[in-house]
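Here's the structure, in structure tokens; my notes come after.
Labels below follow one simple rule: chain letters A, B, ... track the order of the sequence lines, proteins then strands, and each chain is numbered from 1. Excluded from the calculations below are hydrogen atoms, water molecules and symmetry mates; all remaining heavy atoms, backbone and side chain alike, are included.
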2 protein chains.
Amino acid sequence: MSDTAIITALGALAQTHRLAAFRVLVQAGSVGIAAGALADMLGLQPSALSFHLAQLVGAGLIAGRRDGRHLLYTADFGAMTTLVDYLTENCCGGVPCAVETNIQRTLSRT
Amino acid sequence: MSDTAIITALGALAQTHRLAAFRVLVQAGSVGIAAGALADMLGLQPSALSFHLAQLVGAGLIAGRRDGRHLLYTADFGAMTTLVDYLTENCCGGVPCAVETNIQRTLSRT
DNA sequence: CCATCGTTTCAACAATCATTGAAACATGAG
DNA sequence: CTCATGTTTCAATGATTGTTGAAACGATGG
């Protein structure tokens, strides 16, 4: 993921409706959610949501696939991880640091 | 960190110069870097950098402190972690998932 | 086919953001 | 006190972004 791709991804998430949509999709998992259903959940006009989903797709954060008349959208977890890694890269000057993420905490509960 | 604070933070990072500045500060650690030195590194006019630093401060991602004639800026690691956690919250529907961050990899090298 | 449903595309407008240069402010040196 | 240095503030301009409504597109059922 290039520097400009990171900027695009951050910019895509830096908007109320897009962040909300992304989080819903992250929590929905691989089944995905149809555009219309998302629009209802978020209280957006179809065209407005379509605009925002296009930005998220362009940023590589979500993907859409057709299912009959519906378009199902799903979050791309790989892209999310790449983004997180980029932000924390060389964190604290490369010294192992005290920063602990919630993914890490989840995994430590074995 | 509220939803709007997250948006502010993401928006603050979603810009070439601000992302570059933040990353330099993240890697510089707690000593910090003076505004002028940062402007040189990034090739920005002082006023332009000041504008961007103000946005990062406003987003809580960095802090500035005076040292004589200089203003030293440092990254706020806590804010960074909060941001990362927010993005990955309820990742994969709450099921412990395969997403592994680089912070986590750093810490596992014990 | 034809009508309809779900979704996207487009054009237009308002609002927000980035950049620039000049001026102002704070600090420390002589 | 006065001057130079480091940094910020301000106003103006151009560029980008978000919203809206209407129109178009693709897929399905009758």
*So, the side chain of B:Asp76 versus the backbone of B:Ala79: is there a donor-acceptor pair under 3.5 Å, distance only?*
yes
*CG on A:Leu44 to OG1 on A:Thr16, rounded to 0.5 Å*: 10.0 Å
*For A:Arg66 and A:Arg18, take the nucleotide of DNA chain D holding the closest heavy atom to each; which residue's nucleotide lies nearer the 5' end?*
A:Arg18
*Nucleotide D:dT19, atom C1' - distance to NE2 of A:His17 in whole Å*: 9 Å
*Determine whether the side chains of A:Tyr73 and A:Arg65 contain a donor N or O and an acceptor N or O closer than 3.5 Å.*
no
*B:Gln55, nearest nucleotide to its side chain (from D:dT20, C:dA18, C:dT20)*: C:dA18
*Among D:dG18, C:dT8, C:dA18, which is the nearest nucleotide to the side chain of A:Ala35?*
C:dT8
*Does C:dG6 have OP1 or OP2 sitting under 4.0 Å from an N or O in the side chain of A:Tyr73?*
no
*Starting from the 5' end of DNA chain D, give me the residue, A:Arg69 or A:Gly11, whose nearest nucleotide shows up first.*
A:Gly11
*Round to the nearest Å and state the distance from B:Phe51 atom CZ to C:dG21 atom P.*
16 Å
_Using a 4.0 Å heavy-atom cut-off, does A:Ala34 contact any base of the nucleic acid, only the sugar-phosphate backbone, or nothing at all?_
sugar-phosphate
*For the residue pair B:Leu13 and B:Arg18, establish whether any side-chain heavy-atom pair is separated by less than 4.5 Å.*
no
_Whole angstrom value for the distance that separates P of C:dT19 from CG of B:Leu53_ = 13 Å
